[in-house]
Amino acid sequence: MRTGGRRVWYRVAYFVLLVLVAIPFASGQPVSPRASHVIFFVADGMRPDLVERYARGGAMLTFAEILGEGASGENGLLPAFPPNTGVGWTTLATGAWPSVHGSTNNTFHVIGTDFTRRTSAFDPGVIQAETIAEAAERAGKRVLVFEWPAGRYYKIKGPAVDYRSFFSRRGVLVNYDLPGQPEGAKTFGLEYQRVALAPASGWRNVPQSFSPPKEALLNIPTTFERVNPTRSYHLYIYDSTDDGAVNYDRVLVAPEKDGNSAVVILKKGNLYEVKVRLLDGRTAGFYLKAIDLSPDLTRFRLYFTSISRVNANNPNLEELLAERFPTSTAADYAPLEAGIIDEETYVQQGLQWEVAHWPMLRYLITTTKPDLILVGYPLTDEFSHQFLALVTPGTPVYDDADRDRRPDGRVAAREGYLRRAYSGADRTLALVRSLMPSDTAVFISSDHGFAPTWKAINAGTVLRDLGLQEEEQGSNCLPRKASDAAKACWAGGTAQIYLNVKGRDPQGVISPGQYGAVRSRVASRFRSLVDPETGQPVIAQVFLREETKQIAFAPDAVVSFFHPERTGDVIVVARPPYQFDAATPGRKVADAPFFGQHGFLPNLVDLQRNINLRSIFLASGPGIIPGKKVKNVRMIDLAPTIATMLGIPKPTQAQGRVLTELFTKRP
């Protein structure tokens, strides 16, 4: 009896001790910090297996160092569902599932609002949970958020720089016929200005030309008349070489036919920046590139980007960055997919992100000296979208972007683009680390992984054929009529189907008594959808709304997706190589104009087919066990763990656990 009583007393004492240790975490009270500074670095679309490959190959020296000296997850971590941008970045920032933070996809519908409207995950006021940035600032920490989607809408006083705003169209001016144009440009809403070069006349103060100079007029139409006018630039094309041969090699660009007003002189192949003033006095800019400038001018192609301006949460900071630093830009998929620019130009514009944003990072870190910095990098996502299937053996588009069954001979170049994106992420992290104190902890992740794709599903066609839309919806999440009975909102591999229900939606047309039958028809039709060319099923899984409260993708991989106002009535998940973006009107399944995608089942891994939807997870710094492999890491676990690292309360709605197994025992 006495021995048994002592055993009971030990158990009680042990339980009390556990409770006392857990109180700081359970109550949200600060704990003793393990690091005074933390970098939370996220590379969009980065895959853990590719990081290991490129690190071994010497392309990612910083990541290789962290892999050796820090901790990592087993094949990274489980992302949120669906593993898309709007869901992933918000889940990383809040430590909560979409059921709590409310971003259920890049584009979604808010049930009970106008059925002809849509909501973006990157709109102000969308996020319904506290972020790690807000929690840190609430605890007295200095915070910097940089290129983190929707970050400029976080409720923080510290600087937040996020993406860019656009004020004009973009496109090309050409003097020869590009294949597939102007149809390709029109499909993507781009400018295709087909001109004949004329003898230059009426010019003043221009360089001498050793061949008869030519001219053209470039128009850059506005998309926002109240802020930016349509702009016109005169092009003076001349031969600067006194070599006795026709050798046109320069393009002077000016708003007037006067060389003294020139904004830039172009050479073939380079991107050149042009700064402008918007009508309200703010600074913006765009880039020009002479893609084709043949010596005899038989082929002249000038590419112009949109007039754009960096976004920040402080107007004065925004203007300072726009005026003092290169114009914010990144890879633009539309001109490449439309066929008006080449792959090199797409990559070149993408890499201009580093030219513009690295100096901004240096300035912001050195002036604000943040305790916590959230940094994003976009090119790993952008290049994967365009090139992944093209470098994957066994796909029908392997080295065959135009699908003409003749090899392009560009596998090495395209693999180089992907490697360069991962290397760029590595260099960006290296820059941030070099500017932070030496004892700074680093947490690394991504919003999702990637899979090769080359097919698109038209969810609107499916709904029209079911009789739920009078006309096939022309845009994502936007039915043509408020009286349509259903609409589809999608991103990547996941589409949410919303029904227009009487008594629930303002323009409701489906009675509550019909709801179950209509929903079953929608689910059944998508489940049975096949590729008409191959007979292959295109849908991996279909969920009914209430089935998403706890989705078990594996015994240890449970995700909560159900949001009472934002989750669709039917949720459809495609299987690679099928996805929902850039579908062909009127065709349920057709070719897609790009070659990589995300948004599938979050635990989907098939490395033989170059598929890995899992996100990366690495951590290093004070008190983190070197070489530690951590099992069952979930995306929601990072924000609470970073809070513990900093010794602050976790974000208020965070659902994840603290990854205590990362840490060494305190002395």
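The first residue of the sequence shown is numbered 1, and numbering continues consecutively from there. All figures in this text were calculated on a predicted structure; none of them were measured in a lab.
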Check for a donor-acceptor pair, side chain of T380 on one end and backbone N or O of A421 on the other, with a separation under 3.5 Å.
no

Distance-only donor-acceptor check, side chains T461 and E472, under 3.5 Å:
yes

Can you tell me how far CD of E183 sits from CG of L178, rounded to the nearest 0.5 angstrom?
11.5 Å

State yes or no: are the ring centers of Y363 and F325 separated by less than 6.0 Å?
yes

Would a distance-only check, ignoring hydrogens and angles, find a side-chain to backbone donor-acceptor pair under 3.5 Å from R47 to F450?
yes

Assess, by modelled atom type and distance only, whether the side chains of R419 and S423 contain a donor and an acceptor separated by less than 3.5 Å.
no

Whether K186 and E191 form a salt bridge (side-chain N of Lys/Arg under 4.0 Å from carboxylate O of Asp/Glu) is what I want to check.
no

Under-4.0 Å salt bridge between R204 and E256
no

Run the side-chain contact (heavy atoms from CB on, under 4.5 Å) test on F387 and V347 for me, step by step, so that the C-alpha distance in whole Å, both residues' side-chain angles and the decisive distance to 0.1 Å come before the verdict.
CA-CA 11 Å; F387 304 119; V347 169; 4.0 Å; yes

Steps toward side-chain hydrogen bond (donor to acceptor under 3.5 Å, both in side chains) verdict (Q386, E337)
CA-CA 8 Å; Q386 299 304 325; E337 293 178 17; 2.8 Å; yes

Under 3.5 Å, is there a donor on one side chain and an acceptor on the other for D447 and H598?
no

Can we say R170 and D332 salt-bridge, meaning some charged N sits less than 4.0 Å from an Asp/Glu carboxylate O?
yes

How far apart are the closest heavy atoms of A330 and W353, and which atoms are they?
CB-CD1, 4.0 Å

Under 3.5 Å, is there a donor-acceptor pair linking the side chains of D258 and N205?
yes

Look only at the side chain of H385 and the backbone of G596, and say whether a donor-acceptor pair between them is shorter than 3.5 Å.
yes

Which heavy atom in T298 sits nearest to a heavy atom in N175, and how many Å separate them?
O-OD1, 3.6 Å

For L235 and L302, work out which heavy atoms get closest and say how close.
CD1-CD2, 3.8 Å

Can you tell me if E319 uses its side chain to pair, donor with acceptor, with the backbone of T283 under 3.5 Å?
yes

Got a donor-acceptor contact below 3.5 angstrom from the T230 side chain to the P221 backbone?
no

Run the numbers on R277 and E323 for salt bridge (charged side-chain N to carboxylate O under 4.0 Å, His left out), then give the verdict.
CA-CA 10 Å; R277 288 284 180 188; E323 186 174 37; 3.1 Å; yes

Distance-minimising heavy-atom pair for A254 and S261:
CB-OG, 3.5 Å

Using distance alone, with no hydrogens and no angle criterion, decide if N105 and N84 have a side-chain donor and acceptor under 3.5 Å apart.
yes

V251 and F300 have their tightest heavy-atom pair at CG2-CE1, 3.7 Å

With rounding to the nearest 0.5 Å, note down the distance linking CG in L336 to OG1 in T345.
9.0 Å

Return yes if a side-chain donor-acceptor contact under 3.5 Å exists between T241 and D239, otherwise no.
yes

Side chains of Y154 and E137: is there a donor and an acceptor less than 3.5 Å apart?
no

In terms of the angle between their ring planes, are F383 and Y346 parallel, tilted or perpendicular, with boundaries placed at 30° and 60°?
tilted

Using 0.5 Å steps for rounding, measure from the OG atom of S240 to the CG atom of N247.
7.5 Å

Give me the ring orientation class for F166 and Y163: parallel if the planes are under 30° apart, tilted from 30 to 60°, perpendicular past 60°.
perpendicular

Kindly give the heavy-atom pair with the smallest separation between P335 and Y303, and that separation in Å.
CG-OH, 3.7 Å

Between W454 and F594, ring centroids under 6.0 Å
no

Testing the 3.5 Å rule here: is there a donor-acceptor pair between the side chains of Q579 and W490?
no

Determine whether a donor-acceptor pair (N or O, by modelled atom type, separation under 3.5 Å) exists between the side chain of D381 and the backbone of P378.
no

Report yes or no: does S434 contribute a side-chain atom to a donor-acceptor pair with the main-chain N or O of L431 at less than 3.5 Å?
yes

Lys/Arg N to Asp/Glu carboxylate O, K268 vs D292, below 4.0 Å:
no

Can you find a side-chain donor-acceptor pair between Y417 and E344 that sits under 3.5 Å?
yes

Using 4.0 Å as the upper bound for N to carboxylate O, is an ion pair formed by D399 and R414?
yes

Salt-bridge contact E134-K155 (side-chain N to carboxylate O under 4.0 Å)
no

Within this structure, what is the CG-CD1 distance for the pair L218 and I220, rounded to the nearest 0.5 Å?
4.5 Å

Does any donor atom in the side chain of Q349 or T305 lie under 3.5 Å from an acceptor atom in the other side chain?
no

Relative to the ring of Y422, is the ring of Y54 parallel (under 30°), tilted (30 to 60°) or perpendicular (over 60°)?
tilted

Could you walk me through whether T440 and I39 satisfy the side-chain contact (heavy atoms from CB on, under 4.5 Å) test, starting with their C-alpha distance in whole Å, then the side-chain angles of each, then the deciding distance to 0.1 Å, before giving a yes or no?
CA-CA 7 Å; T440 299; I39 299 167; 3.7 Å; yes

Working for side-chain hydrogen bond (donor to acceptor under 3.5 Å, both in side chains), residues S232 and N219
CA-CA 4 Å; S232 296; N219 293 304; 2.6 Å; yes

Regarding Q352 and T329, is there a side-chain donor-to-acceptor distance under 3.5 Å anywhere?
no

Would you check if there is a donor-acceptor pair between the side chains of D581 and Q597 at a distance under 3.5 Å?
yes

Kindly assign one of parallel, tilted or perpendicular to the pair F41 and F63, based on the angle between their ring planes and the thresholds 30° and 60°.
perpendicular

Using a strict threshold of under 4.0 Å (side-chain N to carboxylate O), is an ion pair present between R164 and E147?
yes

Think R309 forms a cation-pi with F167, using NZ or CZ under 6.0 Å from the six-ring centre and within 45 degrees of its axis?
no

Between S384 and L418, is the side-chain contact (heavy atoms from CB on, under 4.5 Å) condition met? List the steps.
CA-CA 7 Å; S384 296; L418 291 170; 3.9 Å; yes

Side chains of N311 and S165 only: does a donor on one sit below 3.5 Å from an acceptor on the other?
yes

Whether the side chain of S294 engages the backbone of L297 through a donor-acceptor N/O pair (distance < 3.5 Å, no angle test) should be reported.
yes

Using a strict 4.0 Å threshold on nitrogen-to-oxygen distance, state whether K455 and D591 make a salt bridge.
yes

For residues W89 and F122, establish whether the separation of their ring centroids is below 6.0 Å.
no

Within the distance-only criterion (no hydrogens, no angle test), does the side chain of S209 pair as donor or acceptor with the backbone N or O of P212 below 3.5 angstrom?
no

For the residue pair Y248 and F210, is the inter-centroid distance of their aromatic rings smaller than 6.0 Å?
no

Counting N and O atoms only, with roles assigned by atom type, does the side chain of R142 sit under 3.5 Å from a partner on the main chain of K369, one being a donor and the other an acceptor?
yes

